[in-house]
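Heads up, the thing below is written out as structure tokens.
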Amino acid sequence: INAEYMGLSVSATLSDREALKCSACFIYALKYEEQMNLTATKTETVQVSHRMDKEGNVARKEYRKSELRVLDVIESMCSSSQYVDFVIGEKNNIRYYTKNEEKSSGILDDGTSVSEINVPKVLTESCLELVDEKESEIEKLVRLEANRDKFEKKKKKKKKKYSALI
């Protein structure tokens, strides 16, 4: 198949299930980005310890750099309410998850009737499976994004330093 999904070109031979799984990954990436953007501007801090330091202060961390944000992003990303409006669509004989088009009908190439598939449940469960398999990588992505501003500042300083030498 040659297809374009959300602006990305795909060229492969895929079964219906593989094509659906591929479209689910696009959706999860979009949901991840959406949740990261929603939580990026939170300026609050979270308590990370019950012990006090010498000055009597409890250790705190910026929310956007905390494990709590990781959990919030993952929990929101895989919430069944995120997928209520999704159905299986079809374009150019390729089936995919969507909420923008009419529902596909018929039988998948594995013999399953499209109408028998509970799309929100399937998307939620496969999201949870993905997160279970890749939780540490997702956590690293969240932490990387949280520290991006530090990286950008360092990059600008180096660029300024080198441009002054030229």
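It should be emphasised that the depicted structure is a prediction, and the values quoted were computed from it without experimental measurement. No hydrogens, no waters, no symmetry mates; every other heavy atom, side chains included, goes into these values.
Taking both residues in full, the closest heavy atoms of Cys127 and Met77 are given as SG-O, 3.7 Å, listed atom of the first, atom of the second, then distance.
Every side chain to side chain contact (heavy atoms under 4.5 Å, CB included) that Glu67 has, sequence neighbours left out, goes to Glu139, Arg143. Every residue two or more places apart in sequence or in another chain that forms a side chain to side chain contact (heavy atoms under 4.5 Å, CB included) with Asn37 is listed here: Glu33. Legend: residues meeting salt bridge (charged side-chain N to carboxylate O under 4.0 Å, His left out) with Asp72, ordered by chain and number and at least two apart, are absent. Under the salt bridge (charged side-chain N to carboxylate O under 4.0 Å, His left out) criterion, Asp110 pairs with Arg17, sequence neighbours left out. For Gln47, the side-chain hydrogen bond (donor to acceptor under 3.5 Å, both in side chains) test picks out His50, with sequence neighbours left out. Under the side-chain hydrogen bond (donor to acceptor under 3.5 Å, both in side chains) criterion, Thr43 pairs with no residue, sequence neighbours left out. When the side-chain hydrogen bond (donor to acceptor under 3.5 Å, both in side chains) test is applied to Tyr28, the partners found at least two apart in sequence or on another chain are Ser126. Among residues two or more places apart in sequence or in another chain, the salt bridge (charged side-chain N to carboxylate O under 4.0 Å, His left out) test is passed with Glu62 by Arg64, Lys65. Scored by the side-chain hydrogen bond (donor to acceptor under 3.5 Å, both in side chains) test, Ser81 finds Ser79 as partners (sequence neighbours excluded). For Ala40, the side chain to side chain contact (heavy atoms under 4.5 Å, CB included) partners two or more places apart in sequence, or in a different chain, are Arg69, Glu145. Legend: residues meeting side chain to side chain contact (heavy atoms under 4.5 Å, CB included) with Glu137, ordered by chain and number and at least two apart, are Lys134.
Counting only heavy atoms from C-beta outward, the side chains of Gln35 and Gln82 approach each other to under 4.5 Å. Side-chain contact between Tyr32 and Val73: present, with at least one pair of heavy atoms (C-beta onward) separated by less than 4.5 Å. Counting heavy atoms from C-beta on, the side chains of Tyr83 and Lys99 never come closer than 4.5 Å. Contact annotation: the side chain of Val114 approaches that of Leu108 to within less than 4.5 Å [non-hydrogen atoms, C-beta and beyond].
Rounding to the nearest 0.5 angstrom, the gap separating the OH atom in Tyr96 from the CD atom in Glu90 is 8.5 Å. Taking CG of Leu68 as the reference point, atom OG1 of Thr45 lies at 11.0 Å (rounded to 0.5 Å). Cys25 contributes atom SG, which lies 7.0 Å from atom NZ of Lys21 (distance to the nearest 0.5 angstrom). Of the inter-residue distances, the one linking Thr98 atom OG1 with Asp85 atom CG reads 10.5 Å to the nearest 0.5 angstrom. Atoms CD and OH, from Glu44 and Tyr63 in turn, are 7.0 Å apart once rounded to the nearest 0.5 Å. Annotation: the span from Thr112 atom OG1 to Glu116 atom CD amounts to 7.0 Å, rounded to 0.5 Å.
Between the side chain of Asp109 and the backbone N or O of Asp16 there is at least one donor-acceptor pair closer than 3.5 Å.
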I would like to know whether Val58 and Arg51 meet side chain to side chain contact (heavy atoms under 4.5 Å, CB included); could you show each step before the answer? CA-CA 6 Å; Val58 176; Arg51 293 183 179 207; over 6 Å; no

Candidate pair Ile74 and Glu135, rule side chain to side chain contact (heavy atoms under 4.5 Å, CB included), full reasoning: CA-CA 9 Å; Ile74 290 170; Glu135 189 168 3; 4.1 Å; yes

Just distance, no hydrogens or angles: give the donor-acceptor pairs under 3.5 Å from side chains in residues 117-125, sequence neighbours left out.
from	atom 1	to	atom 2	distance (Å)
Asn118	OD1	Lys121	N	3.2
Thr124	OG1	Pro120	O	2.8

